[in-house]
Every structure is written in C-alpha cells, then in structure tokens.
Engineer: 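Sharing a structure, written as structure tokens. Questions coming.
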Amino acid sequence: MKEKDGYWTGRDSKEYLNIINFNQRLRSMKKCFPQVPENVIEEYSRAFCQQVDRDLTASCPPEVETETEVETEGEGEKNIPPPNFKKITIEQFHEELKPYVDEFTKPTVSAFFNYWSEKDAKGKMKFQKQDTWETKRRLITWKNKEGQWNR
C-alpha cells in the first residue's frame, strides 16, 4: 500500500480514501476495503496535526485579555460598562442612583427609586423586568414627565 495525498492504493491498484476517526456505525461491520496499518495512520495523523497547529499559530496570534477604560470626550469621566441590570441588588441600585442626586434633586431620585425598586411576587424589581435599562436616560424621562403627573 502506498500513500498519495491522503489516498491509499490497495493491492488491486485502486485508490481508497482513509477517513481517520470516522466513529459511525455502519450497517454491516465487514471490511471490504484494505486495512491501513496503525503505525501509518498514527504517523500521518501526527504530521497532519503538527502542520495544522503550525498554520494556526502563525495565522492567529494568541489572544490576550485586557481591561480598558475609555474616557468620553469633554466630560473627563471614565465610561465603565455597567453590571447586568437584571442581576443587581436593591443596594447596588440605590448606590447607582446616588451620583444623580445633585443633577436631579433628592425628591426626584427618591421617587424614582421607590417606583422602580418595587418588587413583584417573585422578588424581581420593576426595573429588572424591562428589556433595556439606562439609569440616566430613565431619570431624564422621569424628570421631564414629573410636570405631567403633578397637575
């Protein structure tokens, strides 16, 4: 038997494709193709895997995770991604609102907190049921609509 580009030539001078680790049960388990010696399969597999590893390593440098903080222009504040709002606790929600007290007044932020932290029967807060959540945008909308509610 001789190898040529992944094909094996049997005694009958026909070429056969060798599938490594086929792992599928056939209807009949009889072998009608010539058996390739195990040492040849192992040697071919090792050489093929080493070549693939070299190709992948050369074309794909290893990834390195880094944390970056992006400064927003003009504001000088660091834009740190917020935690998943569906998983934060009531204390974390309260802490998240504290920086907005100066901008929106304490009564406004307090009313906002009382409304959105209301829990349902399962213990989930009202804001956690929303599809999306950006606290500052919600506060801006809350402040703009306050005049409508106080009439």
Side-chain angles (χ1 to χ4, degrees), residues 3-8 16-31 33 35-151:
E3 178 192 358
K4 180 182 178 189
D5 298 326
Y7 291 90
W8 298 94
Y16 296 98
L17 175 63
N18 183 32
I19 300 175
I20 301 172
N21 294 333
F22 187 60
N23 291 334
Q24 183 174 355
R25 183 156 176 89
L26 304 175
R27 285 190 197 125
S28 73
M29 292 305 290
K30 68 178 185 175
K31 297 182 178 188
F33 301 108
Q35 184 65 29
V36 180
E38 280 296 318
N39 63 341
V40 174
I41 292 174
E42 288 174 11
E43 184 180 313
Y44 180 77
S45 297
R46 195 175 314 110
F48 179 75
C49 290
Q50 287 173 352
Q51 180 61 39
V52 169
D53 287 345
R54 277 194 300 273
D55 292 346
L56 288 175
T57 305
S59 64
C60 303
E63 293 183 13
V64 178
E65 288 188 26
T66 58
E67 290 186 24
T68 57
E69 293 179 357
V70 179
E71 278 195 35
T72 53
E73 290 184 29
E75 295 177 20
E77 297 176 0
K78 293 183 179 179
N79 188 9
I80 300 170
N84 183 348
F85 73 93
K86 299 227 182 229
K87 295 180 181 177
I88 68 172
T89 64
I90 195 165
E91 291 81 13
Q92 289 172 320
F93 183 51
H94 189 264
E95 288 297 317
E96 185 181 350
L97 292 174
K98 283 184 179 180
Y100 299 111
V101 170
D102 295 333
E103 187 176 346
F104 295 99
T105 72
K106 188 171 184 174
T108 300
V109 174
S110 181
F112 180 85
F113 174 76
N114 290 337
Y115 177 80
W116 286 107
S117 63
E118 181 183 350
K119 293 185 178 183
D120 65 2
K122 294 180 181 178
K124 206 171 189 184
M125 290 181 277
K126 190 176 279 196
F127 79 93
Q128 292 173 323
K129 295 181 188 178
Q130 304 302 307
D131 291 333
T132 60
W133 184 265
E134 285 187 51
T135 304
K136 186 165 185 173
R137 288 177 182 235
R138 296 278 181 155
L139 271 165
I140 291 169
T141 304
W142 183 272
K143 185 177 179 182
N144 291 339
K145 291 189 174 187
E146 247 183 343
Q148 298 171 6
W149 301 324
N150 292 334
R151 289 182 185 180

Engineer: What's the shortest heavy-atom distance between Q128 and K86, and which atoms?
Structural biologist: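 Scanning both residues completely, I find the closest heavy atoms to be O-NZ, 3.1 Å.
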
Engineer: Identify the two heavy atoms, one from K143 and one from E103, that lie closest to each other, and give their separation to 0.1 Å.
Structural biologist: NZ-O, 3.9 Å

Engineer: Can you confirm whether I90 sits close enough to F113 that some side-chain heavy atom of one is under 4.5 Å from a side-chain heavy atom of the other?
Structural biologist: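 Yes - at least one pair of side-chain heavy atoms lies under 4.5 Å apart.
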
Engineer: When rounded to the nearest 0.5 angstrom, what is the spacing between CZ in F112 and CG in L139?
Structural biologist: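 Here the interatomic distance stands at 4.0 Å.
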
Engineer: Specify the closest pair of heavy atoms between E96 and I88, including all atoms of both residues, with the distance to one decimal.
Structural biologist: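 Where E96 meets I88 most closely, the heavy atoms are OE1-CD1, 3.8 Å.
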
Engineer: Below 4.0 angstrom, N of the basic side chain to O of the carboxylate: do K98 and E95 qualify?
Structural biologist: yes

Engineer: Going by the rule side-chain contact (heavy atoms from CB on, under 4.5 Å), which residues pair with T105 if we only count those two or more places apart in sequence or in a different chain?
Structural biologist: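 So T105 forms a side-chain contact (heavy atoms from CB on, under 4.5 Å) with P107, T108.
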
Engineer: Evaluate side chain to side chain contact (heavy atoms under 4.5 Å, CB included) for F93 paired with S117, printing each intermediate quantity in order.
Structural biologist: CA-CA 8 Å; F93 183 51; S117 63; 4.3 Å; yes

Engineer: Which residue is it: K126, K129, K124? I am looking for the one with a salt bridge (charged side-chain N to carboxylate O under 4.0 Å, His left out) to E118.
Structural biologist: K126

Engineer: So that I know where these two stand, are Y115 and W142 an aromatic pair - ring centroids less than 6.0 Å apart?
Structural biologist: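 Distance test on ring centres: under 6.0 Å, yes.
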
Engineer: Which pair of heavy atoms, one from M125 and one from W116, lies closest together, and at what distance?
Structural biologist: CB-O, 3.9 Å

Engineer: R137 versus T141: any side-chain heavy-atom pair under 4.5 Å?
Structural biologist: no

